[in-house]
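Below is one structure, written out as structure tokens, with a few remarks after it.
Residue indices begin at 1 and follow the sequence shown.
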Amino acid sequence: QVQLVESGGGLVQAGGSLRLSCVASGSIRSINAMGWYRRAPGNQRDLVAAITSDSTTNYADSVKGRFTIYRDNAKNTVYLQMNSLKPEDTAVYYCNADVMDKQGPRFYNSYWGLGIQVTVSS
């Protein structure tokens, strides 16, 4: 079993910063891509940023230049540094990772965290 646990969310004023962290734990052989998604009330869950195992990154247009995704492979952790936050960044943020389990067949499964609330006040 693999678990993803997010931390670092909360309430911040517009223009402020937050850093989200997501730690993967459990029966992990290796981790491929990791990413952050978000879902605002009434909306679908959308990609915010993703990072491959060799640290190639991809961002949603709405966060380019403001958010930075990076990872620490030794700690099985992915981070999302969020600067210049706007009220429209308010959402539940979810961590995602493609993980190869130590047990069973050698392919990657997609795992999700439970989500963490980020609220940006105007």
Side-chain angles (χ1 to χ4, degrees):
Q1 278 287 53
V2 174
Q3 299 82 37
L4 302 182
V5 178
E6 303 103 334
S7 61
L11 173 64
V12 65
Q13 287 189 331
S17 297
L18 284 173
R19 188 182 77 160
L20 303 183
S21 300
C22 171
V23 180
S25 63
S27 180
I28 298 172
R29 182 184 300 276
S30 67
I31 302 176
N32 195 5
M34 305 183 82
W36 290 94
Y37 291 72
R38 68 186 181 188
R39 179 161 54 200
N43 290 353
Q44 64 183 16
R45 186 159 54 186
D46 293 321
L47 175 70
V48 177
I51 184 168
T52 65
S53 56
D54 63 355
S55 295
T56 300
T57 58
N58 180 42
Y59 295 93
D61 288 343
S62 60
V63 306
K64 283 181 181 177
R66 300 189 298 123
F67 290 11
T68 302
I69 188 171
Y70 58 103
R71 63 193 284 174
D72 184 333
N73 291 330
K75 296 181 179 179
N76 291 335
T77 301
V78 62
Y79 303 93
L80 185 68
Q81 178 66 45
M82 305 186 293
N83 298 329
S84 303
L85 282 160
K86 304 175 181 180
E88 51 263 43
D89 294 317
T90 295
V92 177
Y93 284 70
Y94 297 89
C95 176
N96 174 261
D98 294 333
V99 180
M100 183 182 293
D101 199 299
K102 283 183 180 177
Q103 314 296 332
R106 295 196 178 194
F107 57 81
Y108 290 95
N109 288 306
S110 182
Y111 292 88
W112 292 91
L114 295 179
I116 192 165
Q117 179 70 44
V118 171
T119 302
V120 184
S121 63
S122 57

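Linking ILVMFWY residues whenever their side-chain heavy atoms come closer than 4.5 Å, directly or via other members, leaves V23 and L80 in distinct clusters. No continuous path of ILVMFWY side-chain contacts below 4.5 Å connects V92 to V120, so the two sit in separate hydrophobic clusters.
For the residue pair Y108 / S30, a side-chain donor-acceptor distance below 3.5 Å is found, with atom types taken as modelled. Side-chain contact annotation: N76 with S25, donor-acceptor N/O pair under 3.5 Å absent. D101 and S27 form a side-chain donor-acceptor contact under 3.5 Å, judged by distance and modelled atom types alone.
Note that CE of M34 is 10.0 Å distant from OH of Y79, once rounded to the nearest 0.5 Å. Expressed to the nearest 0.5 Å, how far CG of N83 lies from OG1 of T68 amounts to 6.5 Å. For the atom pair C22 SG and I116 CD1, the distance stands at 10.0 Å (nearest 0.5 Å). Atom CG of residue L114 and atom CD of residue Q3 lie 10.0 Å apart, to the nearest 0.5 angstrom.
Aromatic pair Y37/Y94: ring centres not closer than 6.0 Å.
Using a 4.5 Å cut-off on side-chain heavy atoms (C-beta onward), W36 and M82 make no contact. Using a 4.5 Å cut-off on side-chain heavy atoms (C-beta onward), V2 and N109 make no contact. By the 4.5 Å heavy-atom criterion applied to side chains, L11 and Q117 are not counted as neighbours. A 4.5 Å side-chain heavy-atom check between R66 and D89 finds at least one atom pair inside the cut-off. Residues L20 and E6 fail the side-chain proximity criterion, which asks for heavy atoms closer than 4.5 Å.
Every residue meeting the side chain to side chain donor-acceptor pair (under 3.5 Å) condition with D54, not counting sequence neighbours, appears here in chain and number order: T52, T56. The side chain to side chain contact (heavy atoms under 4.5 Å, CB included) search around A91 returns R38, A40, Y93, not counting sequence neighbours.
Closest approach of L4 to C95, counting heavy atoms only: CD1-O, 3.7 Å.
The only option from T77, T57, I31 that meets the side-chain contact (heavy atoms from CB on, under 4.5 Å) definition with R71 turns out to be I31.
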